[in-house]
Amino acid sequence: MVIWQMFVDSFITQGGYKEALKGLAVTLVTAISALIIGIILGTTIAFILLSKSNNPLVKTLKIFFKGYVAFFRGTPIAVQLLFIYFVIFPAIGLGLLKAEIVGIIIFGLNSGAYVSEIMRGGILSVDKGQTEAGRALGLSSVQTMLKIIIPQAVKNVIPTIGNEFVSLLKETSVLSFIGVMDLTKAFREIGGGNYEYTIPYLILALAYLILVYIVTNIVKNIERRMRASDRQ
Amino acid sequence: MIDNNQTFNNEILVKVNNVYKDFGKVKVLKGVSCNIKKGEKVVIIGPSGSGKSTMLRCMNLLETPTYGEIWFEDKLLTPVDPYLHFDIIRQSNTYKQLIVNEKDKNPDLTDEQLDEQVIALIKKDDLLKKREGKEFKLAEKKFYNENYLDVNLTRRKMGMVFQHFNLFNNLNVLDNLTLAPVQLKLKTKEQAEEKAMELLCRIGLEDKAKVYPSTLSGGQKQRIAIIRALAMEPDVMLFDEPTSALDPEMVGEVLALMKELADDGMTMVVVTHEMGFAKEVASRIIFMDEGKIKEENSPQEFFANPKDERLKEFLSKVL
Ligand SMILES: Nc1ncnc2c1ncn2[C@@H]1O[C@H](COP(=O)(O)OP(=O)(O)OP(=O)(O)O)[C@@H](O)[C@H]1O
Ligand SMILES: [Mg+2]
């Protein structure tokens, strides 16, 4: 029971729980903000990549976003954090941005790449007749996308977006690479106080497990409600 | 002097002018031309794969013709096809050079004969594909700018009804009917809803305003798809096999609504296998086969005196 006592010491007596709660907040805020950025960015990217326009701007953007997606999907998130935080941002004058903010931005950019692929699939899974009907009524391709295709695509991809959120939640555990005090880092500190990690890491793992469980259930609920509204 | 100039009879709503359409290597339309006049009910029939849908879809640019032009009223919807406009050909360097060459060869030709011969030569060997000079490009551009109309604006005036209805699955019936008029700022939401309810009452489905398409029968879906197009107050309605996906007992209600539209004077182009409808409603029937219009006639003549061999064969199968 010595290790239990040691944990109580650092977690309660020395106020480690405050760190843990702050870390939890950072983890959640980062994952949620990144998902929101990712959905907006990813949908926009998917829309551009699927566009058949001959506009030179659109063509340039397509090349740019293809490279973008390849980079963020092809390299580990830890490398992206290090590279962008320590190399890119200082080079473009953003070196003084708080690490928490940078973390949100990088996870958002990363998620944008994944969500663009998810949305691309979702958009392609909507029957072509829906687009044709919209265009035949005189709606522009953007109007058709926004009012008809994307709402249906979103419904199709909600389970996959849920998975993306679960991955984000877990992946934020590498935020400490750029010095952000997230949930993982907080428990490393708690254990580090007296070099006893058994219980802190057990609780850390449980915390992630519970978070993921809750998120999974929320997504399932949304799905069920959407399916019900279809049949009204 | 030969010239198929583009002066427009006011009555022509849609002009399909020498349209070719390839899908990759597959040549689906091989030079079709037809005019749809105001108030006409044109029925298009023909064997499967003959290009009926493709021609209809070219009319509102759901498919882009490979060559040829589509006109709506007096507006050009496609890029200019220089081979259809001799004035443009005459501004090309190819033309100018050939005139000189041909004059040397045949000094006794009149200018008009020369013109005719050179244009025929250019068309035959597709000589404008060669890089052409600035003047030619300018002539082409000038013609385009003078006549072109944005296709989205034209489509408002051309209703289209699809084989598979294509009601918007994410919107209820009322929103299906009001989305385009409201989005395109043709009506306020209230006006659009009033019009939509009026149309729903007309087809006896006013109680379905708030339901989603997935709960409707095929016949109901198609009738709503028709009034969705009508809600835009189009000048012409295009139908692509509107009854082919329906259970037999629902075909009647859709055809009845289409007849009603015809009686109201709507200009209609209908691809269908319903020969009864063609006989009763059509003012003209077009027979398509292998990407070409093979025969075109009034319904009486069309059925009583078919001339094309393939049409005779086709009619013997479907009648
Ligand atoms: N998007 C496309 N890509 C490739 N080929 C196509 C496409 N659309 C049509 N085709 C081909 O063009 C040919 C003509 O098609 P179209 O749909 O115009 O025929 P149709 O006369 O309407 O036939 P049906 O009575 O079966 O509807 C067919 O061989 C078809 O496979
Ligand atoms: Mg067809």
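Chain letters run A, B, ... following the sequence lines, proteins first and then strands; every chain starts at 1.
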Checklist entry - Does atom OH of B:Tyr148 have more than 12 heavy-atom neighbours from other groups under 6.0 Å away? => result yes

Checklist entry - Just checking, any donor-acceptor pair under 3.5 angstrom between side chains of B:Asn152 and A:Ser140? => result no

Item to check | Residue A:Gln130 versus chain B: region with a heavy atom under 4.5 Å | outcome: both

Checklist entry - Does any heavy atom of chain A fall under 4.5 Å from the side chain of B:Met232, the backbone, both, or neither of them? => result side chain

Checklist entry - Do B:Asn166 and A:Glu132 meet the criterion of a side-chain donor-acceptor pair at a distance under 3.5 Å? => result no

Next on the checklist: Is B:Phe162 in contact with chain A via its backbone, its side chain, both, or neither, using a 4.5 Å heavy-atom distance?
Outcome noted: side chain

Next on the checklist: Taking side chain as everything from C-beta outward and backbone as N, CA, C, O, which of these in B:Asn60 sits under 4.5 Å from a heavy atom of chain A? Side chain, backbone, both or neither.
Outcome noted: side chain

Checklist entry - Using a distance-only test with no angle check, is there a side-chain donor-acceptor pair under 3.5 angstrom linking B:Glu193 and B:Thr178? => result no

Checklist outcome for this item: If one checks every heavy atom of B:Arg57 against chain A at 4.5 Å, the contacting part turns out to be side chain

Checklist entry - A:Ser125 and A:Asn156: side-chain donor and acceptor closer than 3.5 Å? => result yes

Item to check | Portion of B:Leu153 that has a non-hydrogen atom of chain A nearer than 4.5 angstrom | outcome: neither

